[in-house]
Protein chains: 2
Amino acid sequence: MATRTDAPTRREQILREAARLFAERGFHGVGVDEIGAAVGISGPGLYRHFAGKDAMLAELLVGISGQLLTGAKRRVREADGGSADVLLDSLIEGHIDFALDDRPLITLHDRELDRLRDTDRKLVRQLQRQYVELWVSVVREVYPTLPEPAARSAVHSVFGLLNSTPHLGRPGSLPGRGATAELLHRMARGAFAAAGTD
Amino acid sequence: MATRTDAPTRREQILREAARLFAERGFHGVGVDEIGAAVGISGPGLYRHFAGKDAMLAELLVGISGQLLTGAKRRVREADGGSADVLLDSLIEGHIDFALDDRPLITLHDRELDRLRDTDRKLVRQLQRQYVELWVSVVREVYPTLPEPAARSAVHSVFGLLNSTPHLGRPGSLPGRGATAELLHRMARGAFAAAGTD
DNA sequence: CAGGGAGGTTAGCGGTCGTTAACCTGAAGG
DNA sequence: CCTTCAGGTTAACGACCGCTAACCTCCCTG
């Protein structure tokens, strides 16, 4: 067969397996030997690709936060001039896609942040904050009576709802990806609507 | 028999601090010396009260799951003969109280389960499953058209929403405990309503 | 008032972990 | 054909961690 569009580089392979293992057993619960074994090399061979175990986690978390924020900004741009209501649906859809397709990353993203070095942690926190604030502004446009602190709480809570995908049973026991995505979407909108209705 | 308002025993003190530390830095990220220091004794002194570090986590997780389930069963009993709608509100209220008052435990409860020994993990899983199924049956009574798999997914998602309290900022930056509880309650009901409306 | 248990202490052992050092190898390039 | 180098290997080091051993010291009680 012809080479695929992008053969996954070894770095990406390592990051993928590291994410899975970190999500399963926690950052401190996984040894570098295990990560190496997961990609067919062993232990110290990883140091040809990363400065250390911390660097893998940092790259994962920065990547996640950046990807979420970039995607959200793109959606805002594409919806320019449209209704805030449609934009909110778009944001929800994007977040659900991410939560369903990259469960290990979603798990890491709100679990292992404190294991980062100061500089990396601040960067991730900043990206996450921008993402939240973007949502908050859209939510407040859809529900103008909702005070900002309540809107921010509501956004965090809806993230909790959408990020519950890892608890939803392994893919296969679900009613199907599309049905699950739609259910989550409806629930998120329902939650926001309930928050915005005094 | 035991009086109800005892001064916290050393065991309880240890469990409390261990829960906080485990939630902050992860089970593997906390050393026994730190736990000891948090209660004013040092390291190995903990072994006068617990068989080991694992035993502390086990007691915490079994305690959480059991407490949630017991509380839910009590609420079902007290609501006997009443409407399922009121009962669902009662369950939500109980879960919110727990999520707001014991944030470290809520964090541990869905994060460190895999660090348990087989026997303990199975016990915790069983308690959690009973708790979920209790919610599912109540939700299906309130929204009879909702299929069981969808109801179960909805329950897990609402747990994700309610358990988002640790992300809501330290207590003090919130609009107040009562207002936060009410907001979470409304959002949970809104999410369920959206799930149950085809 | 002996003595024994509850609840501490410090020293240290054995194992694990992240990381480095030193070495190997196959393929590309002039 | 020789060199270079990316990408591996194994050995080993130092730090840390969970836990045990050995010992101490109150306080309660018969």
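Every value quoted in this text rests on a predicted model; they were computed, and no experiment measured them. To find a chain, count down the sequence lines: A is the first, B the second, and so on, and within it residues start at 1.
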Could you tell me if A/Q13 and A/R10 have a donor-acceptor pair between their side chains, going purely by distance under 3.5 Å?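 Side-chain D/A pair, A/R10 to A/Q13: present.
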
Interatomic distance, A/M56 CE vs C/dC17 C1' [rounded to whole Å]: 13 Å

In whole angstrom, give the distance that lies between atom CZ of A/F50 and atom C1' of C/dT19.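 After rounding, the gap between these two atoms is 16 Å.
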
Please examine the side chains of A/L184 and A/T180, heavy atoms only from C-beta on, and report whether any two atoms are closer than 4.5 Å. yes

Parallel, tilted or perpendicular: which fits the ring planes of A/F159 and A/W135, with parallel below 30° and perpendicular above 60°? perpendicular

Students often mix this up, so state it plainly: with edges at 30° and 60°, are the rings of A/F22 and A/F27 parallel, tilted or perpendicular?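 Rings of A/F22 and A/F27: perpendicular, over 60°.
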
Please indicate whether B/R25 has more than 12 foreign heavy atoms, meaning atoms of other residues, nucleotides or ligands, lying under 6.0 Å from its CZ. yes

Sugar-phosphate atoms are those with a prime plus P, OP1 and OP2; base atoms are the rest. Using that split, label each nucleotide of nucleotides 7-21 of chain D B, S or - for protein heavy atoms under 4.0 Å, 5' to 3'. BBBBB------SBB-

